[in-house]
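We count residues from 1, following the sequence as given.
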Amino acid sequence: MKNRNIIAIMAVVAVLASSCIKETFPTDKATTQQLAGSPSALAAAVNGLPAQLVQGYLIYGSQTYEFDMAYPGIMLALDQASGTIVDNSEEGSGYDWYSYWSGFGSFTIGPKTARAYVPWLTFYMFIKSANDVIGAVPEDETDALKLQYKGMAYAVRAWQYLNLTRVYEWKAPTDPNVDAKYKPENDIKGLTVPIVTEATTLEDAKNNPRVPEDGMYKFIFEDLDKAEAYMANYSEKNPVLPSLPVVYGLQARANLERGSSLEEKAAGSGSEYFRKAAEYAQKAIDASGCTPLTQAEWEDPVNGFNSAVSNNAWMWCLRYSAETTSNLCTYVGHLSVEPTWTAYAFAPCRGLLCETYDRISNTDWRKHSWIDPKGKDFYKYKTNRDVFDPDDKPAMPYTSLKFRPGKGNCDTYKEGGVTDVPLMRVEEMYFIKAEAEAMSDLAQGKATLTSFMQSYRNPNYSCNASTLRAFQEEIFFQKTIEFWGEGIIFFDAKRLAMGQHNGFTGTNACSDQHYNCTGVCPWWNWVIPQSEIEGNPALDGYNNPDPTGSVKKWVDK
């Protein structure tokens, strides 16, 4: 397939993943003008947003790369890049399509690779779809439903630009062991990504530089403010579409990120953003009416953790159907070791680093999300098939049991692959609130965290952090346990410069992942694909440097 870029995406008319658009127009595509003139087409476009987010082979259109998995693919790439997902088996490099982000080939994720091309185009395809809806509803529109659709599209667009900013904004590594050649061609400090809106022309896109951080956050907050205003009276509960509580949650995420960025530059400069992060997190908790997952819900092998309808914790999710799932290009097929229709999960046995696992208190029931070295002698794990069978190849210690096949079906992907994918859970809001509060009042932040943990996760929990940095490290640890496999922890790792330490004597990470780095790891600054730079000369010389080979692999002596 010929490489594409943002300009090519802009030139394509709206692609709608809903059958009702075909009833309105002869094809499954429509222009922004057609969307504006057809209420049914506009509704189809809005419902097509979550459908596109789980569309397998979104970029290449055919079975070329199994990481071409729309947003769930980005989530897996982020988690493996963060180092919090490790492959327990040496077979991981043969079956793990995401191993390049976690070390295979010394992080060969440079600008000329598909690993750079697919995520970049995926992000901007989502933005294109949101722009189509925004552009179809004029500012002077009076129809309440159309304005709510516009608000949803603003929320999706703000979410994607926040994700792009956190992934691509340059953060200079501080580890002295990073290769001196790993440095940008020009000064790119504080630069994010190009902004494309419903008003951007093709000519604009051909000279569209990376936007400075200040301008990008101004844009994101404006989008979120519009989403909040347009959705003020939207009360329908449909977890696959953004709701007002979800907008509050995105505000909490964005304000925490912005506050942390400013704090890097000058102590105390992010205080107003931290205040807003805590405020919006509480608003999301209150408005959603959601409650944290219980142990029974989390460990249920049939309904599973990954079912939004079996609990009251999920604020926003993606949903596979029998039509959108497949045996290979599906989220649960890469994360659950129970299905038999693919080896993509069982061969690498994705799990948690043994050092991290050992830190989890035995009275914290989330520890059951990974297989203890003692197996069922430690806990009577509930599984849909016997993954401990000694006559077969058993799952490795520290392998995750968090994600389950749909309806517990291990044998048929048309049913077992039909699961939900978490985008936002109410638990995240408690952690954001605790960290944001601690930035001005450490005692209050500790109290919020302790209350959550004792009430919902570990009745014996106590927080012993005596400094703000120690508290941030504790929050990061707890979020690693809570959100493993959900595409969240990467953002915290980079935001807080937590580093990675997967290479040590006794590590359970496969040899491809034996990398150690303090602070910000080079592979956390993803690169813009070469095809984008060729179509947009304003980016020439302003890409993030290629992280390939920037850190030497740890070798046991």
Side-chain angles (χ1 to χ4, degrees), residues 1-17 29-32 35 45 48-49 52-53 55 57-61 64-65 67-71 73-74 77 109-136 153-154 156-170 188 191-213 215-217 219-220 222-223 525-544 546:
M1 179 188 130
K2 185 177 180 181
N3 277 350
R4 294 181 292 172
N5 52 28
I6 293 175
I7 297 173
I9 292 175
M10 291 176 62
V12 176
V13 295
V15 179
L16 307 173
K29 299 178 181 179
T31 66
T32 301
L35 293 181
L49 291 173
Q52 184 187 47
L53 287 164
Q55 185 176 327
Y57 311 116
L58 174 68
I59 302 303
Y60 281 88
T64 304
Y65 297 104
F67 54 77
D68 184 7
M69 207 162 68
Y71 196 71
I74 290 176
I109 49 178
K112 295 183 179 181
T113 67
R115 274 83 64 187
Y117 178 68
V118 169
W120 179 266
L121 268 291
T122 298
F123 280 124
Y124 277 100
M125 283 189 74
F126 299 153
I127 289 169
K128 160 66 174 170
S129 296
N131 282 339
D132 288 335
V133 174
I134 293 169
Y154 273 124
V156 169
R157 189 170 76 177
W159 170 49
Q160 292 305 322
Y161 275 115
L162 177 61
N163 290 340
L164 279 162
T165 296
R166 295 190 286 182
V167 171
Y168 290 94
E169 183 178 1
W170 166 254
I188 56 174
L191 296 184
T192 62
V193 297
I195 290 178
V196 178
T197 74
E198 74 282 6
T200 303
T201 67
L202 291 176
E203 287 305 310
D204 292 337
K206 293 176 182 178
N207 185 29
N208 197 4
R210 299 178 70 172
V211 176
E213 184 185 84
M216 177 58 78
Y217 276 102
F219 178 79
I220 290 170
E222 286 176 350
D223 268 10
N525 298 312
W526 288 12
V527 300
I528 300 170
Q530 185 62 33
S531 60
E532 189 62 50
I533 295 169
E534 291 171 358
N536 181 6
L539 300 176
D540 193 16
Y542 290 89
N543 199 357
N544 294 338
D546 185 346

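For the residue pair Asn544 / Arg210, a side-chain donor-acceptor distance below 3.5 Å is found, with atom types taken as modelled. Checked by atom type, the side-chain pair Glu213/Thr192 shows no donor-acceptor distance below 3.5 Å. Under the 3.5 Å distance criterion, with hydrogens and angles disregarded, a donor-acceptor pair is assigned to the side chains of Thr201 and Asp204.
The CD1 atom of Ile127 lies 11.0 Å from the OG1 atom of Thr122; values are rounded to the nearest 0.5 Å. For the atom pair CG of Leu191 and OH of Tyr542, the computed distance is 8.5 Å after rounding to the nearest 0.5 Å. With rounding to the nearest 0.5 Å, the separation of OG1 in Thr200 from CE in Met10 is 5.5 Å. Note that the CG atom of Leu58 and the CE atom of Met125 stand 4.5 Å from one another [nearest 0.5 Å]. The distance from the CE atom of Met216 to the CG atom of Leu162 is 9.5 Å, given to the nearest 0.5 Å. Rounding to the nearest 0.5 angstrom, the gap separating the CD1 atom in Ile528 from the CD1 atom in Ile533 is 6.0 Å.
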Using the ring pair (Phe, Tyr, Trp, His ring centres under 6.0 Å) rule, take Tyr217 and Tyr161 through it: C-alpha gap first, then chi angles, then the decisive distance, then the call.
CA-CA 9 Å; Tyr217 276 102; Tyr161 275 115; over 10 Å; no
Determine, stepwise, if the pair Leu202 / Ile7 fulfils side chain to side chain contact (heavy atoms under 4.5 Å, CB included).
CA-CA 6 Å; Leu202 291 176; Ile7 297 173; 4.0 Å; yes
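Checked against side chain to side chain donor-acceptor pair (under 3.5 Å), Arg157 has the following partners two or more places apart in sequence or in another chain: Asn131, Glu198, Asp223. Take Tyr168 and apply the ring pair (Phe, Tyr, Trp, His ring centres under 6.0 Å) test, not counting sequence neighbours, and it matches Trp120.
Residues Tyr65 and Tyr117 are not in side-chain contact: their nearest non-hydrogen atoms beyond the backbone lie 4.5 Å or more apart. A heavy-atom distance below 4.5 Å is found between the side chains of Asp546 and Pro111. Leu539 is not listed as a side-chain neighbour of Pro209, based on a closest heavy-atom distance of 4.5 Å or more.
Here the shortest heavy-atom pairing between Pro194 and Asn536 reads CG-ND2, 4.3 Å. Here the closest heavy-atom approach between residue Leu121 and residue Arg4 is recorded as CD2-O, 3.7 Å.
Ring centroids of Trp526 and Phe123 are separated by 6.0 Å or more, keeping the two rings apart.
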